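Input: a single structure, listed below in structure tokens.
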Amino acid sequence: MFNHRSLWHKALDASAWRHTMEYPFHKIEPKWQKTWQERRIFSPQEVPGKPKYYVLSMFPYPSGVLHIGHASNYAIGDAISRLKMMQGYAVMQPMGYDSFGMPAENYAIEHNSHPRITTEENIASMRSQFDSMGFGLDWEREVSTCRPDYYHWGQYLFKKLYEKGLVYRKRSFQNWCEACQTVLANEQVDEGRCWRCHGEVNQKELEQWYFRITDYAEELLDFSKMIDWPERVIQMQRHWIGKSEGTRIDFPLQEDGSPISVFTTRPDTVYGVTFMALPPEHPLVQKWLAENPQDTALRAFCDKVINEDKISRSAADTIKEGIFSGRHCINPLNGSKIQIWITNYVLMDYGTGAVMAVPAHDQRDFEFARKYDIPIQVVIQNPEQNLDVATMEEAYIEPGIMANSAPFDGMDSEAAKEAISKLIEEKGYGQVSSSYRLRDWGISRQRYWGTPIPVIHCPSCGVVLVPDEDLPVELPENVQVGKTTSNPLLSVPEWLNVKCPGCGGDAQRETDTMDTFVDSSWYYARYADPHNSTQPFDPAKASYWMPVDQYIGGIEHAVMHLLYARFIGKFMRDLGWLEADEPFQRLLTQGMVLKDGAKMSKSKGNVVDPSYIIQKFGADTLRVFLLFASPPDKDVEWSDDGIMGAYRFLNRIWRLISGNRDAIQRGLQISVSQQDLEALDAKDKELLYSTHQAVKKWLDDSLQRMQYNTAIAAVMEHLNHCTAIKDPSGLEGAALATFASACRSIPLMLYPFAPHIAEELWEMMGYTQLLHEVGLPQYEERWLTRDLITYVVQVNGKLRGKLEVAPDIDEEELKTHALNVENVQRTLEGFVVKKVIVIPNKMVSIAAAKG
RNA sequence: GCGAAAGUGGCGGAACUGGCAGACGCGCUGGACUUAGGAUCCAGUAGGUUUUUCCUGUAGGGGUUCAAAUCCCCUCUUUCGCACCA
């Protein structure tokens with residue numbers, strides 16, 4: 001907590017109490033939270049014709065403790081939400097819990113309890129912490145992914161995907177985390193380690209369920225439907241999908257003519273193929289192994305490579321190794337005989353899982369060929385320096401002039417790419433195609449605490465989907481969590497063994513559960529109709545609320561969650577459940593809260609507990625600090641002094657308004673004419689100008705730019721102007737009215753950031769409406785421009801004087817004035833004026849040369 | 001290695017389309033009120049200087065412009081993403 005200073009611990013010391021600044025946030029905050037809740041202002045209904053605004057912050061895993069990062073994240077969402085409420089939108093800001101998954105299971109093991117119990121306890125505890133922050137969340141729409149009424153529809157969605165051919169099962173080598181005892185999707189492996197526990201990941205052959213996200217690869221590359229997504233996230237997704245265009249070519253095997261398919265982006269190098277590279281996992285290799293059990297050298301090599309962990313195998317600097325298979329295939333273009341090698345550097349799950357190796361023009365193939373003395377054939381000549389196989393030290397990967405490529409010799413290689421592809425298609429050797437880095441999404445997890453996959457395995461019928469009327473397939477309760485080494489659901493026979501819905505014979509349930517990213521890939525739509533018990537949601541309600549107007553979450557979800565959610569969103573659209581092509585119109589990736597430059601974590605011992613801050617300084621202080629410290633998409637550096645600054649700011653406001661309560665109330669009753677205002681003396685008129693300017697800046701920063709730090713700065717600046725008025729109670733007439741209306745704007749501008757104190761001050765001024773009903777503060781154009789404008793005068797780019805003139809001054813007159821400024825005259829001595837440039841309302845710039 | 005973003009006081013950060021660099025806050029310095037200060041109020045706070053008067057200054061170097069933190073080129077540093085993707 002506050003370990004580098006102990007100042008505030010003294011704040012609770014009674015002897016020092018009387019001098020400590022203090023506004024009654026302890027009373028105010030619960031009061032308004034209760035009022036909001038009673039009046040249900042955060043539970044919007046669908047009102048046809050009323051514009052809606054859907055603000056969604058990524059739902060948390062219910063750890064039981066509200067972290068400062070949550071506070072920061074949801075403070076941003078709440079600011080947007082309340083701003084939109086002031087603007088008159090029907091605002092929905094729901095909240096729920098991503099409550100399935102390993103952490104919940106591990107937490108229960110740790111506490112020797114059941115995840116259902118610990119999860120519900122944690123949810124209750126988080127709920128009260130959310131409320132103590134004063135977030136405007138619609139709890140009537142709460143969802144929790146681990147409850148049967150939610151995962152029922154996840155199972156239903158699985159069935160729909162299955163029926164549309166987007167689910168399949170495949171036996172293959174998987175990323176296996178030994179610590180978590182489960183498989184991981186490729187996206188969940190980070191530098192060869194588990195994204196959650198950072199344990200080592202190795203390869204295990206398993207049968208797994210997959211979602212065919214690759215069917216949507218092309219559409220997922222279309223980002224044109226988003227209004228405002230960070231370019232960074234789009235780039236990351238684009239790169240993750242990794243489309244490359246090229247050609248698929250079939251190389252017939254010498255022995256029986258059956259084809260080996262390769263994918264290449266360099267069809268122009270096809271005459272330079274000198275060997276074929278296959279990974280040990282390739283089906284052909286597996287077939288050869290099965291047919292020739294006596295080939296121990298091949299067997300040993302394959303076993304070794306497959307069992308090598310993925311980190312070292314996939315690292316770019318791993319030494320390339322291979323073994324000659326003893327077999328050959330034929331290059332269909334020139335009939336040459338090509339050796340087939342089994343290697344450790346080809347990936348089974350990219351392209352076709354086989355590579356035509358062109359050592360002269362691919363660095364990896366080059367290294368391999370040099371190591372094993374495989375011939376190298378130059379087919380693209382470097383126009384600047386002739387390539388010689390004998391002396392080449394690296395592959396030549398640039399374009400050049402075709403050589404040793406029969407009919408294409410002398411052609412430019414870029415042109416040859418197309419010509420050769422065309423020839424390949426004409427002759428039926430292959431076809432032009434695209435390949436994606438994106439893999440299908442493996443959703444099976446060998447864990448207990450997840451959505452059961454609604455499938456029954458029947459010895460005679462095979463895979464049978466659980467009928468709709470039997471959904472949800474509920475998780476059994478009596479599982480010895482943490483006590484099983486294999487799939488936990490296998491240990492519950494009364495759940496496991498069922499009758500086949502097809503033939504009525506003995507059958508077994510699927511014991512894998514779904515990746516929790518499945519749960520979070522459609523929750524945004526469930527919020528539109530969270531209690532529907534006959535379908536995932538009513539499409540009519542979804543049509544009102546969807547898409548999400550503003551989605552907020554961490555950059556860590558740039559690829560996984562956001563890509564999966566887009567995929568399922570598009571699928572639900574294709575089913576006719578949703579109308580929008582994209583579920584999230586705008587995306588804000590908020591920054592992290594750092595302390596001492598590092599992410600807060602228990603292990604580093606630099607965690608700040610938000611409830612401690614709320615208790616000492618109030619939720620409004622915490623929110624103002626978090627929003628003021630930096631723009632929403634940047635990291636926030638935690639600062640104890642910064643908290644004090646925010647607290648001081650709110651106290652100053654409190655003193656200003658509560659201290660001048662009567663004057664303000666009186667001033668608000670006075671009706672003033674335009675003439676009265678025009679006649680104000682300079683000091684009071686200045687307050688009028690600065691009020692309108694502050695409101696304008698505030699509106700701009702908070703609504704257009706979503707830059708709350710500067711919006712709050714505008715309020716602070718405005719406060720400074722208000723407190724500069726020394727004796728407000730002595731004011732009267734238009735001057736008092738001006739002061740009162742300057743003060744009146746403060747709660748309005750504070751509301752999205754510090755809603756409790758804002759409501760209290762508003763009430764103190766004698767108003768009875770809640771602030772979101774009042775609407776946004778307004779400004780008038782007239783009071784943005786002062787009677788006199790200050791022009792800066794520059795000579796050759798340097799500030800040489802200032803000029804106070806009327807806003808409607810004639811340009812020529814202004815130039816004359818500028819040239820006559822004393823200091824300007826002095827600077828211009830010995831110079832000839834070449835040009836005078838006027839920037840309206842800002843400056844006069846004089847270009848002069850020695851003369 | 002490839003790609004992207006960023007670099008501004010002691011600190012967090014402002015400066016939106018090129019137009020007074022350092023808004024606002026923190027911290028610091030001095031003062032006021034005080035038994036006291038961790039409250040509050042006032043003044044100051046980029047560096048230098050001849051301290052109402054000019055010079056330098058937005059990672060460094062060049063360029064475009066009347067005018068550059070902002071645009072262009074090169075270099076350096078940091079962060080992030082990807083990393084045998086054929």
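Quick note: numbers below take in every heavy atom, side chains included, and nothing from hydrogens, waters or symmetry partners. Model, not experiment: these values are computed from the prediction.
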A:M843, nearest nucleotide to its side chain (from B:rC80, B:rG19, B:rU40): B:rG19
Short side-chain N/O contact to B:rA23 OP1/OP2 from A:N720, under 4.0 Å: no
Rounded distance (Å) that lies between atom P of B:rU65 and atom CD1 of A:I846: 20 Å
Lys/Arg N to Asp/Glu carboxylate O, A:R786 vs A:E686, below 4.0 Å: yes
Atom-pair distance (CG on A:D633; P on B:rA4), nearest Å: 20 Å
Crowding at CD, A:Q704 (>12 non-hydrogen neighbours, <6.0 Å): yes
Minimum-distance nucleotide to A:K726 side chain [options: B:rU40, B:rC42, B:rG19]: B:rC42
RNA chain B stem ranges, 3 or more consecutive Watson-Crick or G-U pairs under 3.5 angstrom: B:1-7 with B:76-82, B:10-12 with B:24-26, B:27-32 with B:40-45, B:46-48 with B:54-56, B:59-63 with B:71-75
Closest nucleotide among B:rA86, B:rC20, B:rC26 to the A:R648 side chain: B:rC26
Minimum-distance nucleotide to A:I839 side chain [options: B:rG19, B:rA86, B:rC20]: B:rG19
A:K798 side-chain proximity, nearest of B:rG19, B:rC55, B:rC41: B:rC55
Among B:rG19, B:rC41, B:rA39, the one nearest A:R652 by side-chain distance: B:rC41
Salt-bridge present (A:E637, A:K595; N to O < 4.0 Å): no
Residue A:K834 excluded, over 12 heavy atoms near NZ under 6.0 Å: no
Write out a two-atom table: protein N or O, nucleotide N or O from nucleotides 12-16 of chain B, distance below 3.5 Å.
{"unit_1": "B:rG12", "atom_1": "O2'", "unit_2": "A:A629", "atom_2": "O", "d": "2.8"}
{"unit_1": "B:rG13", "atom_1": "O3'", "unit_2": "A:N709", "atom_2": "ND2", "d": "3.4"}
{"unit_1": "B:rA14", "atom_1": "OP1", "unit_2": "A:N709", "atom_2": "ND2", "d": "3.3"}
{"unit_1": "B:rA15", "atom_1": "OP1", "unit_2": "A:R705", "atom_2": "NH1", "d": "3.2"}
{"unit_1": "B:rA15", "atom_1": "OP1", "unit_2": "A:R705", "atom_2": "NH2", "d": "2.5"}
{"unit_1": "B:rA15", "atom_1": "OP1", "unit_2": "A:Q707", "atom_2": "NE2", "d": "3.2"}
{"unit_1": "B:rC16", "atom_1": "O4'", "unit_2": "A:R705", "atom_2": "NH1", "d": "3.3"}

Main-chain N/O of A:I68 paired with A:S72 side-chain donor or acceptor, under 3.5 Å: no
Under 3.5 Å: donor-acceptor pair, side chain of A:T352, backbone of A:S261: yes
Sugar-phosphate, base or nothing in reach of A:I837, heavy atoms under 4.0 Å: base
Whole-Å gap separating C1' (B:rC2) and CD (A:Q235): 13 Å
Give me, pair by pair, the N or O atoms of the protein and of nucleotides 48-54 of chain B that are less than 3.5 Å apart, along with how far apart they are.
{"unit_1": "B:rC54", "atom_1": "OP1", "unit_2": "A:N823", "atom_2": "OD1", "d": "3.1"}
{"unit_1": "B:rC54", "atom_1": "OP1", "unit_2": "A:R826", "atom_2": "NH1", "d": "3.2"}

For atom CG of A:L347 and atom P of B:rA83, their distance in whole Å: 10 Å
Integer-rounded Å distance: B:rA4 P and A:R238 CZ: 12 Å
Candidates B:rU40, B:rC42, B:rC20 - which lies nearest the side chain of A:Q794: B:rC20
